[in-house]
Amino acid sequence: MTDLVIVGTGGQAREIHAIVEALVAAGEPWNVLGFIEDAQGPETVHGLPVLRPLDWLAEHADVAVATGIGATPVRARVIDRIAGFGARTFPTLIHPAASVGPRVEFGEGTIVCPGAVLTTDIRVGAHALINFGCTVGHDAVIGDLVTVAPGAHISGAVHIGKGADVGTGASIIQGLQIGDWAVIGAGAAVIRDVPPNRTAVGVPARILDPRDDTG
């Protein structure tokens, strides 16, 4: 058995726990010790203890970590902090009900939720989140720390840069480039490239003026 803790106690962390439970039921040897975070809150989640603070990990280098934080910038900061504690295993967790085709590569710490479909010849970076009911087409490249929200559809040969956030129900047509830390709004239909650090919303998606991105 491999000991595992899940960072966070919110919805994303609890969904990851459900993925791990499904993997255990399918025969994978995970032993979830509990959830972990700094903030005050519940003492138990799903009947497991909440360990505090995050620095607990500094004394438990042999424990694997799943990062149950949906907000991409926060997830990035927490991962950097955990990395500062020394060598660490971030397992890739793929729900048994996800459909993953041949020649699909995943970086460490990536989470793939039930109902996701990834076809073939796809590369997904580290610490990405591929959510419920997403589709990812052939030859797509999804960077580190990308969040793909539930029901989003990424067509073939799309390249999504580091830290980008693809909103719920968004669609990206074939062959586009989505820049690092770009944000695709919920339900957007993206038909042109999106530059780094910009936000695209609407049908068809329009790229917001930089002064509007923060609003």
Side-chain angles (χ1 to χ4, degrees), residues 1-100 106-116 118 124-134 142 144-152 163 165-169 186:
M1 300 289 283
T2 301
D3 290 337
L4 174 74
V5 294
I6 299 170
V7 177
T9 58
Q12 189 64 59
R14 287 179 274 120
E15 287 175 349
I16 288 177
H17 183 223
I19 291 172
V20 176
E21 288 178 315
L23 291 170
V24 170
E28 293 199 17
W30 295 110
N31 176 41
V32 181
L33 299 179
F35 297 78
I36 186 167
E37 68 174 11
D38 285 327
Q40 293 301 309
E43 296 301 317
T44 63
V45 173
H46 288 180
L48 295 170
V50 177
L51 308 167
R52 293 186 174 89
L54 193 64
D55 290 7
W56 181 93
L57 290 169
E59 303 299 325
H60 298 82
D62 57 336
V63 176
V65 175
T67 310
I69 298 172
T72 307
V74 178
R75 185 162 78 250
R77 290 195 296 270
V78 169
I79 290 166
D80 283 346
R81 183 175 166 194
I82 293 170
F85 298 146
R88 181 69 53 186
T89 298
F90 293 95
T92 295
L93 302 173
I94 301 172
H95 194 283
S99 175
V100 178
F106 297 99
E108 69 170 5
T110 284
I111 308 295
V112 181
C113 295
L118 298 93
V124 182
H127 304 292
L129 175 59
I130 311 298
N131 238 302
F132 303 89
C134 296
I142 296 176
D144 295 347
L145 294 163
V146 168
T147 298
V148 183
D165 197 324
V166 181
T168 299

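Everything quoted here is computed from the prediction, not taken from an experiment.
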Find the distance between [atom1] ([X]) and [atom2] ([Y]) and round it off to the nearest 0.5 Å.
X	Y	atom1	atom2	value
I82	R77	CD1	CZ	13.0 Å
D62	T2	CG	OG1	10.0 Å
I19	I6	CD1	CD1	9.0 Å
L93	E28	CG	CD	8.0 Å
H17	Q12	NE2	CD	14.0 Å

Would you find a donor on one side and an acceptor on the other, under 3.5 Å apart, between the side chain of [X] and the backbone of [Y]?
X	Y	value
T110	G125	yes
D38	L54	yes
D144	A126	yes

Next on the checklist: Working note: V32 + V24, criterion side-chain contact (heavy atoms from CB on, under 4.5 Å); need CA distance, chi angles, decisive distance, verdict.
Outcome noted: CA-CA 10 Å; V32 181; V24 170; 6.0 Å; no
Next on the checklist: I'd like to know if R14 and E21 make a salt bridge, using a cut-off of under 4.0 Å between side-chain N and carboxylate O.
Outcome noted: no
Would you name the heavy atoms of [X] and [Y] that are closest together and state the gap between them?
X	Y	result
A13	T9	CB-N, 3.8 Å
A116	V112	CB-CG1, 3.8 Å
V148	C134	CG1-SG, 3.5 Å
A152	G167	CB-O, 3.7 Å

Checklist entry - side chain to side chain contact (heavy atoms under 4.5 Å, CB included) with V7: which of I79, I16, I36? => result I36
How about [X] and [Y]: do any of their side-chain heavy atoms sit closer than 4.5 Å?
X	Y	value
T72	R75	yes
W30	P91	yes
V124	L118	yes
V65	V5	yes

Item to check | Pair listing, ring pair (Phe, Tyr, Trp, His ring centres under 6.0 Å) test, anchored in residues 53-94, at least two apart | outcome: W56-H60, F90-H127
Checklist entry - Please walk me through it: do I111 and L129 pass side-chain contact (heavy atoms from CB on, under 4.5 Å)? => result CA-CA 5 Å; I111 308 295; L129 175 59; 3.8 Å; yes
Item to check | Where at least one partner belongs to residues 86-97, residue pairs that pass side-chain hydrogen bond (donor to acceptor under 3.5 Å, both in side chains), sequence neighbours excluded | outcome: none
